[in-house]
Amino acid sequence: PKNSAVVRIGGETPGQILPQLEALFAGTPGWVADSAGRMLRYAFELRWLGLLHGEQPVLLTLRTPAGQLRRLRLPVTALPDFKALAKAARRKPWFSWSVDKRHNVAWFTLDSLKLTGPYEHAVARFFAAVKKAGITRVAVDLRKNGGGESLAEAPFMQYLGVRKVQDYSSPTYFGPVPLRTEVHQLIRALRKLGYSSALYTIPVPPQPPADQIFRGRFFIVTGPGTFSAAMDFAADVKFNHLGTIVGLPC
């Protein structure tokens, strides 16, 4: 039941389990305590802590809000095949867009940050459609975006007419010359690390036509799945006052 308190897991109390969790996971004691529910979802972690043996059920004792003790036996379930899911995710399109003239909003779903030619052209077609439809509200959905290349926010920044953002303590420039310089520096660094530069032929987005610069309201939609460079994208928009962040925290 909701709002029940955990009395025992696998025969041990939370007070006995927390010191063991603190030894396993980096973080302050308060963070470990707040995160314990997420950490104890997985069978391998329960086995590390000696709370689960083999494929036996997990024994859980709860105190309900009414003060009653409930004893549960929770079965261990198999995790999905993450390799198969990853392969399917790679085949699935990682960006799409639509324009809703009736509700005056254009929506761009972006599930990864990769500065590729097809993605760059999609952003250009998107803003051309926004201009044609007279849309004044644009939203970029980053709720399932785990990150990638920080420079992949550049096409959107350019269509917002933004040449520079303050990114934490240093500026990032989005004009074609600074972008080209950054890309070349990245490729040189990757070569020094032994990576093939052929894998990193990152295009430099061209400047959009002046009449297609977007002057309306810009939104970034975030959620718990917004991570790494996608979180930086949201932060750049928020802290440079370029738009509004809506949704759940990154």
Side-chain angles (χ1 to χ4, degrees), residues 1-6 14 17-18 21-22 24-42 44-45 65 79-80 82 85-86 88-90 92-98 100 103-115 119 122-123 126 130 135-160 162 164-172 174 214 216-250:
K2 287 183 178 180
N3 301 317
S4 297
V6 175
I17 294 167
L18 283 174
L21 281 177
E22 290 168 17
L24 280 173
F25 296 96
T28 64
W31 180 85
V32 172
D34 289 342
S35 306
R38 293 194 300 275
M39 296 171 181
L40 295 174
R41 287 183 304 176
Y42 298 108
F44 67 90
E45 290 169 348
L79 287 171
F82 288 115
L85 289 175
R90 283 196 293 270
K92 181 183 174 184
W94 49 275
F95 59 82
S96 61
W97 59 270
S98 62
D100 184 346
H103 294 99
N104 185 30
V105 64
W107 190 273
F108 198 105
T109 300
L110 187 56
D111 291 343
S112 184
L113 282 174
K114 296 181 280 191
L115 194 51
Y119 159 63
V123 174
F126 173 70
V130 166
I135 298 293
T136 62
R137 296 189 299 169
V138 161
V140 181
D141 185 353
L142 301 179
R143 287 176 295 176
K144 296 181 181 178
N145 194 314
E149 300 156 4
S150 294
L151 284 178
E153 68 184 60
F156 281 97
M157 292 300 181
Q158 291 184 322
Y159 273 93
L160 293 175
V162 175
K164 181 184 81 169
V165 297
Q166 193 69 20
D167 188 2
Y168 299 100
S169 60
S170 61
T172 297
F174 293 107
F214 181 68
R217 296 187 66 192
F218 186 67
F219 299 87
I220 295 285
V221 187
T222 63
T226 308
F227 186 67
S228 190
M231 186 172 67
D232 287 343
F233 188 178
D236 285 344
V237 169
K238 177 176 180 176
F239 295 116
N240 289 274
H241 309 291
L242 304 174
T244 304
I245 311 300
V246 296
L248 295 173
C250 303

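These figures come from a predicted structure and were not determined experimentally.
In this structure, E153 CD and I220 CD1 are separated by 8.5 Å, a value rounded to the nearest 0.5 Å. Atom CG of L151 sits about 15.5 Å away from atom NZ of K114, to the nearest 0.5 Å. Considering OG1 of T226 and CG of L110, their distance stands at 10.5 Å, rounded to 0.5 Å.
When all heavy atoms are compared, the tightest approach of L113 to F233 is CD2-CD1, 4.4 Å. Across all their heavy atoms, A229 and S150 have their closest contact at CB-OG, 3.8 Å. Nearest heavy atom pair, residue A234 against residue I245, reads O-CD1, 3.4 Å. The heavy-atom pair separating A36 from L21 by the smallest distance is CB-CD1, 3.8 Å. Residues K164 and P171 share a closest heavy-atom pair of CD-CB, 3.8 Å. A pairwise comparison of heavy atoms in G223 and R143 identifies N-CG, 3.9 Å as the closest pair.
Put simply, the side chain of D111 never gets that close to the backbone of N145: no donor and acceptor are under 3.5 Å apart. A donor-acceptor pair under 3.5 Å is absent between the side-chain atoms of N3 and the main chain of P65, judged by distance alone. Judged by distance alone, with hydrogens and angles left aside, the side-chain atoms of T222 form a donor-acceptor pair with the main-chain N or O of L248 at under 3.5 Å. Within the 3.5 Å criterion, the main-chain N or O of T136 finds a donor-acceptor partner in the side chain of N104. Of the possible polar contacts, none joining the D100 side chain to the V105 backbone as a donor-acceptor pair under 3.5 Å is found.
Using a 4.5 Å cut-off on side-chain heavy atoms (C-beta onward), V237 and M157 make contact. V162 has its side chain out of reach of F156: every pair of non-hydrogen atoms, C-beta onward, lies at least 4.5 Å apart. C250 is not listed as a side-chain neighbour of P224, based on a closest heavy-atom distance of 4.5 Å or more. Residues W94 and K144 fail the side-chain proximity criterion, which asks for heavy atoms closer than 4.5 Å. The shortest distance between side-chain heavy atoms of V165 and L242 falls below 4.5 Å.
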- Task: Verify side-chain contact (heavy atoms from CB on, under 4.5 Å) between F95 and T109, making sure each step is shown before the conclusion.
- Result: CA-CA 5 Å; F95 59 82; T109 300; over 6 Å; no
- Item | Trace of the side-chain contact (heavy atoms from CB on, under 4.5 Å) decision for R137 with F219 | CA-CA 8 Å; R137 296 189 299 169; F219 299 87; 4.3 Å; yes
- Task: Output, in order, the C-alpha distance, side-chain angles, deciding distance and verdict of side-chain contact (heavy atoms from CB on, under 4.5 Å) for F126 and Y159.
- Result: CA-CA 10 Å; F126 173 70; Y159 273 93; over 6 Å; no
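By the neighbour-count criterion of 12 heavy atoms within 6.0 Å, atom CZ of F218 is densely surrounded, having more than that number from other residues, nucleotides or ligands.
Ring geometry for Y119 versus F108: interplanar angle over 60°, hence perpendicular rather than tilted (30 to 60°).
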